[in-house]
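Remarks on the structure that follows.
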Amino acid sequence: MKISIAPLLLAAAVASFATHAQDAAAPVPSAQVELESCYLKDISEQLRCGTLQVPENYDAPDGRTIGINFAVLPAVRESKQDDPLLILAGGPGQAATELGSMIARIFQNVRQQRDILLIDQRGTGGSNPLSCAMSHVEELVKADDAIDLAEMAESCLAKFTDVDLTQYHTVNAIRDFEAVREALGYPQVTLYGGSYGSRAGLVYMREAPQSVRAAVLDAVAPVQVVVGPFGRHGADSFEQLLARCKASQVCSETFPNLDLTYRTLMQQLEVDPVPLTVRDPLSNEPVDILVTAGRLSSVMRVGLYHPTTRQMLPYVIQRTAEGDYTPLTGLLGSTMAQSELYMGLTLSVLCSEDLPRATPELLTADGDNTFIGSRTADAFIDMCSVWPKQARPDEWFTPVESAIPTLLLSGELDPVTPPAWGELAAETLSNSRHLVAPQGAHTIVGHTCANRLASEFIKDLDLQKLDPKCLAEQRPQPFILNSNGKGL
């Protein structure tokens, strides 16, 4: 449930003006926190950053403290609004400050009038990070059933002997965000939450409604749904891909019987995985890899997240079935090269908040597909078997009721958070509107006109004024038909 990162390059004049505006209109911190000049990756201008100490356990305020790291991207105009756009990162396990350049690009219109506030959720980035590398090169030569995820989780757990991992949950994250807001002197915030960040946004609206002016929730994951078992949602998205290929003359002619090709390939790899030697995407050194059904389906599932990788999947499937593994390993390499989640935080949230609510009936239904089966749920179940857990109150998972102005966004092709979840959230949000992008996948502000609609809403809070015609008019990405990019 994470969003991709894209760089933002600012012209020198714009950077200079923004820096000047920042000097004149920076937030006024309380005595609890001091702001310092700083830089974030791929942002050339000088920003303002700080760290606020908060209790690790809010029920023991005199106990251990942790630092919450944040950065302020100052509004360009000096006559700015007094509520910043607070970014709630996805995952769970993404660090907001590590998404700074992407956020600055997507919300450049919002930043004309508002600061953008990036706070690393506890357990990520600079906020007492719970970092574990769960993708080891040596694991790539193992068969699917030889990878011991519980053992990997135990190895991760051993790094945090002095941390109370049961305190790294969504409600405490909102308490941290509120502490930073108060310390910076902002009377309210406007929220943007993508993927898991949409759930954090709903919890914020429940826990501190007086502090929230409005919310944009993208790729919505309501508190009442279970996050982690993604087999059924991935299969639904894949079936949409197959249907679209079949409806396209050039795609169906180039890749006939794509569904059968994929299922046959999965069955073959289950029985007879293929050993390869490829180049590491980071070091360019030769790396041994075993192409298994699990690795194939994982690459396919991640590829469904964004239109630019979705368009490659029929070609990747066909070439892999024909014995050419170069397109598959290229897509795998791009996945490996992406920044990983802070897995200690991911597990601390999901193992206590979601997996305990995954009933046998839910897990059976989730695994009933020929795309990826139950692999995503099984992975979390294995890791959560050794991770510290704590029962959470039932009211944490009661649908959030609110009259705060809320724009809900979904992608029709989303393999993780389906539009039905946005409709579910809207049922108890009396002042909301749900927009669906027919060609959108996961977190649509990054690849549709939804960022412009969100900017309009944030400025005026007029849900009915929004014209979603641009979402319907977006054309589907053409399928790539060969190695030369035919079809584009």
Side-chain angles (χ1 to χ4, degrees), residues 139-147 230-281 286-337 367-376 378 413 415 441 476-488:
E139 300 292 327
L140 295 176
V141 297
K142 294 183 179 180
D144 291 337
D145 58 6
I147 298 175
F230 296 132
R232 182 68 262 161
H233 304 320
D236 290 343
S237 181
F238 186 61
E239 287 168 9
Q240 290 174 298
L241 176 79
L242 295 173
R244 205 187 124 218
C245 181
K246 188 175 182 179
S248 163
Q249 181 177 349
V250 291
C251 188
S252 60
E253 290 177 353
T254 307
F255 312 116
N257 303 313
L258 190 61
D259 186 18
L260 178 61
T261 301
Y262 178 77
R263 286 187 282 113
T264 301
L265 180 59
M266 286 286 286
Q267 292 167 0
Q268 291 173 345
L269 292 175
E270 288 276 11
V271 176
D272 190 18
V274 178
L276 298 174
T277 299
V278 299
R279 292 285 176 178
D280 184 283
V287 174
D288 292 329
I289 180 174
L290 191 65
V291 180
T292 66
R295 289 193 181 93
L296 172 66
S297 61
S298 178
V299 171
M300 292 295 108
R301 193 182 76 86
V302 175
L304 292 170
Y305 273 56
H306 197 279
T308 57
T309 46
R310 288 181 71 93
Q311 67 182 147
M312 301 168 57
L313 298 187
Y315 174 69
V316 172
I317 293 168
Q318 188 71 35
R319 294 305 298 154
T320 304
E322 294 171 357
D324 177 8
Y325 299 95
T326 302
L328 175 65
T329 55
L331 199 54
L332 172 63
S334 66
T335 301
M336 291 173 59
D368 185 17
N369 66 86
T370 58
F371 171 59
I372 196 170
S374 61
R375 287 180 174 87
T376 58
D378 292 344
L413 308 178
Q477 292 272 17
F479 289 111
I480 293 175
L481 304 178
N482 63 24
S483 60
N484 295 322
K486 181 181 178 181
L488 295 179

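- Within the model, atoms CZ of R301 and OG1 of T376 stand 5.5 Å from one another, a figure rounded to the nearest 0.5 Å.
- Side chains of F479 and L313 form no contact here, defined as non-hydrogen atoms less than 4.5 Å apart.
- Across all non-hydrogen atoms, the minimal contact from P314 to L258 is CB-CD2, 3.7 Å.
- Residues passing the side-chain contact (heavy atoms from CB on, under 4.5 Å) test with T370 are R263, sequence neighbours excluded.
- Remark: I147 CD1 to T292 OG1 distance equals 6.5 Å, nearest 0.5 Å.
- In this structure, CG on D236 lies 13.0 Å from CG on L241, to the nearest 0.5 angstrom.
- Side-chain contact between I317 and M300 is present, with heavy atoms from C-beta onward closer than 4.5 Å.
- Considering only heavy atoms from C-beta on, R319 stays 4.5 Å or farther from T326 through its side chain.
- For the side chain to side chain donor-acceptor pair (under 3.5 Å) test, no residue two or more places apart in sequence or in another chain qualifies with D368.
- From T320, atom OG1 reaches atom OH of Y262 across 10.5 Å, with rounding to the nearest 0.5 Å.
- L296 has its side chain within reach of M266: a pair of non-hydrogen atoms, C-beta onward, lies under 4.5 Å apart.
- By the side-chain contact (heavy atoms from CB on, under 4.5 Å) test, V274 is found to be paired with L269, L276, V291, Y325, residues two or more places apart in sequence or in another chain being considered.
- Annotation: salt bridge (charged side-chain N to carboxylate O under 4.0 Å, His left out) contacts involving residues 246-255, sequence neighbours excluded, are absent.
- For the pair V299 and V316, the minimum side-chain heavy-atom distance is 4.5 Å or more.
- Nearest approach of A235 to N369, heavy atoms of both residues: CB-CB, 3.6 Å.
- Between L331 and M312, the closest heavy-atom pair is CD1-CE, 4.1 Å.
- Side-chain contact between F371 and L304 is present, with at least one heavy-atom pair separated by less than 4.5 Å.
- Nearest heavy atoms, A146 versus K142: O-CD, 3.9 Å.
- S374 and D378 get closest at one heavy-atom pair: OG-OD2, 2.7 Å.
- Residue pairs meeting the side-chain hydrogen bond (donor to acceptor under 3.5 Å, both in side chains) criterion with at least one member in residues 265-277, sequence neighbours excluded, are E270-R375, T277-D288.
- For T261, the side chain to side chain donor-acceptor pair (under 3.5 Å) test picks out no residue, with sequence neighbours left out.
- More than 12 heavy atoms of other residues, nucleotides or ligands lie within 6.0 Å of CD in E322, so this atom counts as buried by the packing criterion.
- The minimum heavy-atom distance between I372 and S297, with the atom names listed, is CG1-OG, 3.5 Å.
- The side-chain heavy atoms of R244 and C251, taken from C-beta on, include no pair separated by under 4.5 Å.
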Can I289 and L332 be said to form a side-chain contact (heavy atoms from CB on, under 4.5 Å), step by step?
CA-CA 11 Å; I289 180 174; L332 172 63; 3.0 Å; yes

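- The distance from atom OH of Y315 to atom CG of N482, rounded to the nearest 0.5 Å, is 6.5 Å.
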